[in-house]
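Inspection log for the structure reproduced underneath, given as structure tokens.
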Amino acid sequence: MLNTLQAPTTTDSVLRVEGLKAYYQMNYFGVRREVRAVDDVSLTINRNEIYGIAGESSSGKSSLIKTIAGAITPPLRVVEGSVKFDFGGRALDVYADPQAMKAARWQNLSYIMQGSMNVLNPVRRVKHAFHDFAFKHMGISQSAFRSRVEQHLHRIGLDPRVLESFPHQLSGGMRQRLTIALATVCEPDFIIADEPTTALDVLVQQDVLALIKDIQQRMGASIIFVTHDMTVHAAIADRIGIVYAGRLVEEGPTLDVFRRPQHPYTAHLISSLPRIGDNKKRSALPGKPPNLADPPSGCRFHPRCPLAVDKCRSENPPLVVRQTGRVACWRAGEVQAA
Amino acid sequence: MSALLELQNVNKDYRIGGFFDSATLRAVKNVSFTLDSSKPEIFTIVGESGSGKTTTARMILGNEAPTSGTLRFMGQDIAAIHSRADRLKFMARAQPIFQNPFEAFNPLTTIDYFLFSTAKRFLGLRDKAAVDAATDKALNHVGLSLAEVRGRYSHELSGGQLQRIAVARALIPEPKLIVADEPVSMVDASLRMSIVNLFRDLRDRLGVSIIYITHDLSTAYYISDRVIIMHRGDVVEAGVAQEVLGNPQHPYSRALSQAVLPPDPEAARKIIMAKIQ
Amino acid sequence: MFKILRDMLRYNVEFAIGFVLTLSIFLFALAHFWAPLPDTAIYLLPPDMPPSAQYWFGTTSRGQDVLWQMSSAIWNTMLFGLTVTVLSRLLAVAVGMLSGYLGGRWDQALMTLNDTMIALPNIPILLLVYFVMRDSMSWPVLAATAALLGWNYDARLIRSVTLSLRNREFTRHAVFAGMSVPQILVRQHLPYVMPVIFFTAMNNLIWAIGLEVTLSVLGFSDINRPTIGGMIYWANQHQAIIAGIWWWIAFPIIAIVLLFLGLFLLAISVNEYIDPRSRLSRMGA
């Protein structure tokens, strides 16, 4: 059971992000603003791996995932860096070749979106959504497509009869399962998910996570997903990347990050999680999240960091390899898991 | 012993559907509980969406009238409050905290307008210095000061700060009861604890009773004195928080407590892998 | 205020063009106060003179200078249009916001009134008023009547904005902060309604000016007071087009088109400026 906690042994990567910088550049009546939502992020995602990105609202985690998906619209622009996929020998540079990107959509690369109601048209039957999203990517006949979809639903434990229903006739959990089915029907190599369980009721959350994990294991796909909920990361991510103020501040295998966080921010995130059966007082992080239009100098976490020293205020710590992961902190060795 | 808030067999029906074919949906069924005014506490209502917890909160705040049953606040029937003067008197004693701190303040007006309006209306203050003093005092209770808040817009502050300011605003008239509907569900994890700790502090230091409404069992366990668990309008379990949440008896409460993922990779992974098999 | 104007002139081309257009037409209209001859006087100049160095825009068959006639006409037409717009905006905002915010019986009563007004045909009502009032018909009475007919669609629009604002959390919060209904409507909701007011004001102004022109062309107004419609009415009476006196018709029409264009550009650019989303972006949200 615990072997799933280790990072996969195959080291070939499916996604390579290098020095990515994506800024919101706005100009309203002479008020120029530049929000550095993604600031110099480099990461690699391996084949057959679930990579979780954690961070708070407006930390830039959603912008990061949008940039990786090639789904950005102005005012968000890629300023520097590259996003390169490798689908079994077929290389794809997202920002160099938009045509190839279009061809890869859904077949190699798909999305699980947050609000299932935004994906499923409320006035059309569910089967139309499958047809609209996936049919033209599969290159097979209508009837073959239909049986493929039914087969797929059957495989992930859904009754194919749901295809004939309207979205409002289904529960929130069922709708989210359908959007997962929709994203996986073409058996993509890479899946991008934005807060896949946030809008769900507590009772169905585990089932949906189990479904994602199960599909990923059976198809051997890689998943990158974003959520602010650390317990979701604990449950399914193989590795976690912690984003703070547009930068990746720590990355590592899930178990190691939870047991031995190396960045003070990660340590705080984990120690502040309340758990049933323990109501001893937990401290809160002082201060407020940084403004990305005017971030603090040096390490962006220093105004709220209990370990901050002068160096942290002036120099930005680089993301360096340390133990099983990477961390960007001048005092990484001294961080205590609370 | 006198009751601060007393709910007796409260029911709430909604009519759904069209003109010709309508059905009644009973959103809240036979809810009764009492909060004692001499013993401030954090009373938690736990439930998922559709459990009737928000409807109950709206009835307690007088935004919604019960279909049957009575809600009494300091001896007064809440549904019988009609005149603006009585309504203001009630609001000075019972104040709400809303779910989304970014939505609770108008993004296009400064936040202090809400604070000053509260001080003027409920404390009857006219003098600017007195209004400032009352506002500053309330902000001090939540670890802020008027200097930090004056002239600010909501986008200039973090969700956690805004939620604390919302609590401070509610504290200005020195209420006896605060009804907080999902106050931390939109607040980032690192700031969540500061709000939750604040509730504890208000109870202990200012003697304010708090009705905390949430779907999150772990924070409920962390701060509650007593808890009720609602499911489709029914109270399925009620009692001392540590007992009810630590050892739930009703099948629904049990399912709910098992649905909470532990913040520990090994344990969480075992649960997910068990679901797959 | 000055800073806003400067920023808008510098960074918004539409605003700059609209501002210059409207300002020049306004100055031109303002000039009629210094006209050499009274604008109601006729046959003081040689009739039917084509544009020349002496009479820039020519003279009419009634012996008036088209330039100075236009100056007065634009002033009077604008005055009428703006009066109608301001009055009808006040009605639309009051009815729309109260109806949307108060809801229930208030909403039903106000919207019944509103929808009844929508069903009334404008021109026949105005003609009826004209025949009833006859000699005591003056432009302020006409403007008030037009204002009473011109607010209902926009009241519905404003109502829908207020309706969505009513369900937002900050409105409930405002109630618990002890704010009164006027405070909530004016301080909390009006900033969101402003773009609707501006945009419909533009539409309404064009409608009002068009109405004035229609009524004047038909002769149902004080025809001796120069207006754009009045000028066209007299030009028609004298069969200006057939007689080849094109300048009598062409210049007023060009002026009104330029005015519409200027106002339209102003409206869309100001709208962009006061739009809540754009405002929030500038504030740094």
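Small disclaimer: the values here were computed from a predicted structure and weren't measured. Every chain is numbered from 1, with letters handed out A, B, ... down the list of sequences. These numbers come from the heavy atoms of this one structure, side chains and all, not from hydrogens, waters or symmetry mates.
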Exercise. Could you tell me whether R93(B) and E174(B) have a side-chain N and a carboxylate O separated by less than 4.0 Å?
Key: no
Quiz item: Counting only heavy atoms not in F28(C), do more than 12 fall under 6.0 Å of its CZ?
Solution: yes
Exercise. Please look at Y113(B) and chain C and tell me whether the side chain, the backbone, both or neither of the residue comes under 4.5 angstrom of a heavy atom of that chain.
Key: both
Exercise. Mark yes when over 12 heavy atoms from residues, nucleotides or ligands other than F198(C) sit less than 6.0 Å from its CZ; otherwise mark no.
Key: no
Self-check item: chain C contact via A94(B) - which portion, at a heavy-atom distance below 4.5 Å
Solution: backbone
Self-check item: Most chain C-contacting option - heavy-atom pairs closer than 4.5 Å, from E103(B), R87(B), R84(B), M91(B)
Solution: E103(B)
Quiz item: Side chain, backbone, both or neither: which part of F122(B) has a non-hydrogen atom closer than 4.5 Å to chain C?
Solution: side chain
Quiz prompt | Ring centres under 6.0 angstrom apart (F43(B), F33(B)) | solution = yes
Exercise. With a 4.5 angstrom heavy-atom cut-off, could you sort out which part of I172(B) is near chain C: side chain, backbone, both or neither?
Key: neither
Quiz item: Could you state the interatomic distance from CG (N140(B)) to CG (L171(B)), rounded to the nearest 0.5 Å?
Solution: 11.5 Å
Quiz item: Which of the residues R187(C), Q183(C), H189(C), R168(C) is involved in the greatest number of heavy-atom pairs with chain B at under 4.5 angstrom?
Solution: R187(C)
Quiz item: Less than 4.0 Å between a side-chain N and a carboxylate O, is that true for E64(B) and R58(B)?
Solution: yes
Quiz item: Given a strict heavy-atom distance threshold of 4.5 Å, which part of S180(C) is in contact with chain B: side chain, backbone, both, or neither?
Solution: both
Quiz item: Checking heavy atoms, do the side chain of T109(B), its backbone, both or neither come under 4.5 Å from chain C?
Solution: side chain
